[in-house]
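Every chain is numbered from 1 and lettered A, B, ... according to where its sequence line falls, protein lines coming before strand lines.
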2 protein chains.
Amino acid sequence: MKPFVIGLDLGGTNSVFGIVDARGEIKATTAIKTGGFDSAEQYVEASVKALIPIIEEVGGIDTIKAMGIGAPNGNYYRGSIEYAPNLPWAHDKVVPLAEMFSKALGIPVALTNDANAAAIGEMTYGVARGMKNFIMLTLGTGVGSGVVVDGKLVYGSNGFAGELGHVIMRRENGRLCGCERHGCLEAYCSATGVARTAREMLATTTQPSLLRDLDPEKITSLDVSIAAEKGDQLAKDIYQFTGNMLGEACADFAVFSAPEAFIFFGGMTKAGDLIMQPIKDSYLKHALPLYHNAHFLISALDGSSAAVLGASAVGWEI
Amino acid sequence: MKPFVIGLDLGGTNSVFGIVDARGEIKATTAIKTGGFDSAEQYVEASVKALIPIIEEVGGIDTIKAMGIGAPNGNYYRGSIEYAPNLPWAHDKVVPLAEMFSKALGIPVALTNDANAAAIGEMTYGVARGMKNFIMLTLGTGVGSGVVVDGKLVYGSNGFAGELGHVIMRRENGRLCGCERHGCLEAYCSATGVARTAREMLATTTQPSLLRDLDPEKITSLDVSIAAEKGDQLAKDIYQFTGNMLGEACADFAVFSAPEAFIFFGGMTKAGDLIMQPIKDSYLKHALPLYHNAHFLISALDGSSAAVLGASAVGWEI
């Protein structure tokens, strides 16, 4: 049996590669910039060039079972990246990236979106080991999700299932979302949504806060996190608001797949109970009693390597 | 191969049994009243007594592969009816009905809730044949649902997945639902919800309508349907309101499982385009473009026998 898979965390800025064993240990790693290429062909060429030394390091291509890719706008069924707004070489087309890497490396390659990769990673190496039904929510620039039913990721009829960041949470006067609709969960509970909540609360209250020392237009969710850790009440209120909505959303998600757990991933989870407690309280307040047993967990995968591990786990599934 | 299964549509008032072949033809049928028994044991005894003649009619118990039951508050994993408010012999306890029938008849028995049975029936005999990903919505006294992902019904961690009637559609001033929460889809789009919409519209507008000839407290969704067929504008407005909300809800459901189709079942679908067109229009207005390809279909199973067929289909799945 071949002992390794390659994981590629393809982000808007960086592309991080890792060679990973079955226990989730990263044996070798490398990275390139994602942008700066005129075409997907050039991107794959540069990737392979970066990969060759680390493949040699672990014993050559014959030790590699497969490659998994986690990418924005990734489609599992087609193995493609489709109209990804932040990728210069894929913003206006369908790029069959899995096939391109497979030809270049001579191994099977599977691709899925980053949040789905995180869910598979959690199931393979993390807190969801042994779980058959759970929902992964990634709180980053956007709100991503991966839904696992009966031990398998839900891809749906076209490969685009599991976009839970785009359920509508506020139907009246909802915030404008990046998807051009109003009131999406993502518009409130992503890192950018949290920063926007901060600006709104600063503008509409006179509550004293450490955040008032900052330029409101430049406040980030990290600033909110730092203020909350120092005990700032307004920052805690922001987490209360965000957690309350996430709990409401999870109460709706529960009726769909009755998950054993909701697993949260992303910088915001570093706030620990400041965010998790409001989520749990709100969930119990809003969910049907049938679903009260669900657990609320934080991803166990190390932040910096979680995305590579998630991507590599997609490779084990081939 | 044994050519038949028994289907039991266990309703609050009647229990209808059918013996069904693999093509969905009902070969023999019988029924008893569901209530009027002090215990589940008595109910099963009376059921078996009613079944014996029709089992003989098709050639005896050796021709029967299995039995499927569709029941309110049915739990597939445990084969039980759990705290069903409308069943005197199961309102305050967990009744292991599948096991009880299995012992009495000597064949395998599976049980699920009525909406899940409808979804499996549609997949086995109806418009969802060959579909791998779809969502069934049953518009009756309540709003039930069955979610099919990758060809399998979603039961979730505890057997209670697929209660889509209880997503919250109105978070501010939402109607009280039977589940004691406010703003559920079911409080608006069930038959009782439609009757309530009629009463509200009659009370808050001066629009002329055939419905004004009726006692407002006694208006049913059937009255609305009859008025709409006669061209009554207020009745059409009620369907517009109901369809609009169903379309909004389906737009949220789509992000979960990216279904190929939404399939509607229940008396309300008899209104045809009067209800289906507003649903489709609203869906296209509210859903992310990724999901615009979903079809909106009406169940192909005959209303009176659909529930028995659905239940029998659960038997084929054993």
Side-chain angles (χ1 to χ4, degrees), chain A residues 73 75 77 82-83 131-135 145 147-150 152-173 177 179-185 245 248-249 251-261 285-295, chain B residues 73 75 77 82-83 131-135 145 147-150 152-173 177 179-185 245 248-249 251-261 285-295:
Chain A
N73 296 49
N75 187 298
Y77 290 141
E82 311 198 352
Y83 305 100
M131 274 189 204
K132 292 282 186 193
N133 294 278
F134 69 94
I135 293 178
S145 70
V147 179
V148 171
V149 165
D150 220 7
K152 294 206 303 193
L153 201 94
V154 176
Y155 288 109
S157 64
N158 63 1
F160 290 118
E163 290 287 348
L164 303 191
H166 296 284
V167 295
I168 306 299
M169 295 304 296
R170 293 293 176 266
R171 294 185 191 278
E172 310 271 332
N173 305 314
C177 180
C179 71
E180 297 179 7
R181 302 180 311 154
H182 286 83
C184 291
L185 179 64
M245 188 179 287
E248 282 185 274
D252 275 356
F253 300 159
V255 306
F256 217 99
S257 63
E260 184 179 339
K285 189 174 151 200
H286 291 104
L288 281 175
L290 275 178
Y291 307 116
H292 281 196
N293 285 338
H295 299 285
Chain B
N73 296 50
N75 186 298
Y77 290 141
E82 312 199 352
Y83 306 100
M131 272 189 206
K132 292 282 185 192
N133 294 279
F134 69 94
I135 293 177
S145 69
V147 178
V148 172
V149 164
D150 219 8
K152 293 206 304 193
L153 201 91
V154 175
Y155 288 109
S157 64
N158 63 0
F160 290 118
E163 289 288 348
L164 303 190
H166 295 285
V167 295
I168 306 299
M169 296 304 296
R170 293 293 176 264
R171 295 185 190 277
E172 311 269 333
N173 305 313
C177 179
C179 71
E180 298 179 6
R181 302 180 309 154
H182 287 83
C184 291
L185 180 65
M245 188 180 286
E248 281 184 275
D252 274 356
F253 300 158
V255 304
F256 216 99
S257 64
E260 183 178 341
K285 189 173 150 201
H286 292 104
L288 282 174
L290 276 177
Y291 307 116
H292 280 196
N293 285 339
H295 299 285

message = Please find the pair of heavy atoms, one from A:Ser157 and one from B:Ala258, that lie closest to each other, and give the distance.
response = OG-O, 2.6 Å
request  = Name the region of B:His286, side chain, backbone, both or neither, that has any atom closer than 4.5 Å to a heavy atom of chain A.
outcome  = backbone
task = Go through A:Arg170, A:Lys152, A:Glu248, A:Lys132 and name the one with the most non-hydrogen pairs under 4.5 angstrom from chain B.
result = A:Glu248
ask   = With respect to chain B, which residue among A:Val149, A:Asn133, A:Asn158 yields the maximal number of heavy-atom pairs within a distance under 4.5 Å?
value = A:Asn133
Interface residue of largest heavy-atom contact number with chain A, from B:Glu180, B:Arg181, B:Glu172, under 4.5 Å = B:Arg181
request  = Any chance you could measure B:Asn75, atom CG, to A:Leu290, atom CG, to the nearest 0.5 Å?
outcome  = 9.5 Å
ask   = So how far is it from B:Phe256 CZ to A:Ile135 CD1, rounded to the nearest 0.5 Å?
value = 3.5 Å
ask   = Rounded to the nearest 0.5 Å, what separation is found between the CG atom of A:Leu288 and the SG atom of B:Cys177?
value = 8.0 Å
remark   = Applying a strict 4.5 Å limit to non-hydrogen atoms, the region of B:Ala249 in contact with chain A is neither
Which of A:Arg171, A:Glu163, A:Glu260 touches chain B most, by non-hydrogen pairs under 4.5 Å = A:Arg171
ask   = Taking the side chain from A:Ser257 and the backbone from B:Gly156, do they hold a donor-acceptor pair closer than 3.5 Å?
value = no
ask   = A:Val255 and side-chain contact (heavy atoms from CB on, under 4.5 Å): which partner among B:Ile168, B:Leu164, B:Leu185?
value = B:Leu164
key: Proximity breakdown for B:Met169 and chain A, heavy-atom pairs closer than 4.5 Å   = both
Side chain, backbone, both or neither of B:Val147 within contact of chain A (heavy atoms, under 4.5 Å) = side chain
note = Scored by heavy-atom pairs under 4.5 Å with chain A, the best of B:Phe253, B:Tyr155, B:Tyr291 is B:Tyr291
inquiry  = Rounded at 0.5 Å granularity, tell me how far CG in A:Asp150 sits from CG in B:Asp150.
reply    = 10.0 Å
